[in-house]
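Okay, structure first, notes after.
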Number of protein chains: 2
Amino acid sequence: MLMQTPRSAFAASQPAAPAPMADLFDAFNLMGSQMTLGPNEEIFGEKEPAEYVYKVVSGAVRTYTILKDGRRQIGAFYLPGEIFGLEIDNEHQLSAEAIGSTVVRVVRRSAVMSLAERDGEVARALWSLTARALYRAQEHVMLLIKSAQQRVACFLLEMSDRIAATDTVELPMSRQDIADYLGLTIETVSRTMSQLASESSIGLPSARRIVLRNRRALNALNA
Amino acid sequence: MLMQTPRSAFAASQPAAPAPMADLFDAFNLMGSQMTLGPNEEIFGEKEPAEYVYKVVSGAVRTYTILKDGRRQIGAFYLPGEIFGLEIDNEHQLSAEAIGSTVVRVVRRSAVMSLAERDGEVARALWSLTARALYRAQEHVMLLIKSAQQRVACFLLEMSDRIAATDTVELPMSRQDIADYLGLTIETVSRTMSQLASESSIGLPSARRIVLRNRRALNALNA
DNA sequence: CGACCATTTGATATGGATCAAGCGATGTGG
DNA sequence: CCACATCGCTTGATCCATATCAAATGGTCG
């Protein structure tokens, strides 16, 4: 990925933030620079050195890996306000791409790390971020042993929690993205959604717009 | 779980370790107390407050959760030298049990945490532990979208890396444990192993003893 | 030896994958 | 403004990997 813009922008803003900082998230506002990405634009690649940490401002991001057989496994989706690309080792584990048109804030990983060395609260915030990612990965594991219906229902409920205060969810990702996250085919995801719609558990005013009509029924599917 | 023994033993040893400590793992030796567990003995339960952190001395441990439909998903296996039960929140995410007869070292979580507050190296070691758990959880996700053959082959190779320097692996866990880790049934695990044996990829001198005869073939399955 | 439990093996069923076609929205050129 | 191409999504038909149900085998411990 080409990263010339944030590099220089960050270098300029770094001297302005030497004091201890109560909140890691402030670091993004004070030290970060902003960049805009087009649909499907790569942010970083698997095995690349982890030079930056990112926070979604608007849009959405997917992390993924391509398996030997060509299938793509999506590790996670990141929505506005969420931080991604943080590694304790020097290498990214997964690749990251913007889903639609997306804006992210970027800070140098080395800056975040040295901040953490000076400030225990920041160190703890970083650890907490990794712990949250672990928690989500564990949930993801549990998702993958469920039936297609359960996976899709779980996914919609999770997206609803993360995106919308209301029962109408505007999904930022395609059916293929959902399929690759849930370990299903696009056909199965589509069929399952149609089925949930026919049971009136959800409404489908359009492909990307989902209405959760019966959360109880959706929840009932899950273990 | 009954925890009276470590509690008192730990209280006695705590005052002996106030100085900064180069390595988190030393904490287990200096501050920890040891406990012996019988087969299938519970170490902690899901949602229980995380009062201790554990390190396997001998034997093996599984963490797991029971889904609503009664199925058990094993999150991870822990082998001698490995640390488990560390949470950044106050609650355990998964339950933990000894697999066979197992010895663990135990230290109070609060002691580890306060050590981390004083010593940045310890804090980083704890974070690193969570990061490693995350890495494994991500590998686990990728495992679960593979075929039965691929899952079993992956599992055996991983166990070999972690248990044995040689090609003969003595598995500490049952077929049911393996099945619940891989998201398969016990029958499928058994059949798959028989099939790998018939292809001479592995040898099966006994159910728990696996000989990796052809690592290349096993690796070739994986993506 | 005999009981018990873990594992293996066999027969059948089924959920989701695969292959294939149809549909609907969006955009482009005539 | 409409014909038509494109792309993402849905729907249909069939196949296959793994689950399920059932029974046999083997190893361990009294």
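Treat the numbers as computed from the prediction; the structure is a model and nothing was measured. In what follows, every heavy atom counts, from backbone to side chain, and hydrogens, waters and symmetry copies are set aside. By convention in this document, chain letters (A, B, ...) are assigned in the order of the sequence lines, proteins followed by strands, and residues within each chain are numbered from 1.
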**Complete:** Which of dT7(C), dG16(C), dC9(D) is nearest the side chain of R208(B)? It is dT7(C)

**Closest listed nucleotide, where the reference is the side chain of S147(A) and the choices are dT10(D), dT8(C), dG16(C)** = dG16(C)

**Message:** Categorize S194(A) for me: base, sugar-phosphate, or nothing, with a 4.0 angstrom heavy-atom threshold over every strand shown.
**Reply:** sugar-phosphate

**Request:** Figure out the CD/P separation between Q195(B) and dT9(C), and round it to whole Å.
**Result:** 11 Å

**Message:** Between F44(B) and Y54(B), is the ring centroid distance below 6.0 Å?
**Reply:** yes

**Message:** Taking any heavy-atom pair under 4.0 Å as a contact, classify S206(B): base, sugar-phosphate, or nothing.
**Reply:** nothing

**Asked** Below 4.0 angstrom from OP1 or OP2 of dA17(C), is there any side-chain N or O of T188(A)?
**Response** yes

**Request:** Please check if the side chain of R151(A) supplies one atom and the backbone of K146(A) the other of a donor-acceptor pair under 3.5 Å.
**Result:** yes

**Message:** Assess whether a salt bridge exists between E187(B) and R191(B), defined as any Lys/Arg side-chain N lying under 4.0 Å from an Asp/Glu carboxylate O.
**Reply:** no

**Backbone of I145(A) reached by a side-chain donor or acceptor of R71(B) within 3.5 Å** = yes

**Message:** Distance check needed: dG15(C) P versus I145(B) CD1, whole Å only.
**Reply:** 22 Å

**Asked** Hey, does S174(A) reach any base, or is it just sugar-phosphate, or nothing, if we go heavy atoms under 4.0 Å?
**Response** sugar-phosphate

**Fill in**
Looking only at dT18(D), dG16(C), dT11(D), the nucleotide nearest the E187(A) side chain is dT11(D)

**Message:** Please determine whether any donor N or O and acceptor N or O are separated by less than 3.5 Å between the side chain of Q176(A) and the base of dC7(D).
**Reply:** no

**Prompt:** Does a nitrogen or oxygen in the side chain of T185(A) sit under 4.0 Å from OP1 or OP2 of dG16(C)?
**Reply:** no

**Message:** Quick check: any donor-acceptor pair below 3.5 Å linking the side-chain of R191(B) to the base of dT20(D)?
**Reply:** yes

**Prompt:** Once you round it to whole Å, what is the distance between C1' of dG8(D) and CE of M193(A)?
**Reply:** 13 Å

**Item:** Integer-rounded Å distance: dC9(D) C1' and D177(A) CG
**Value:** 13 Å

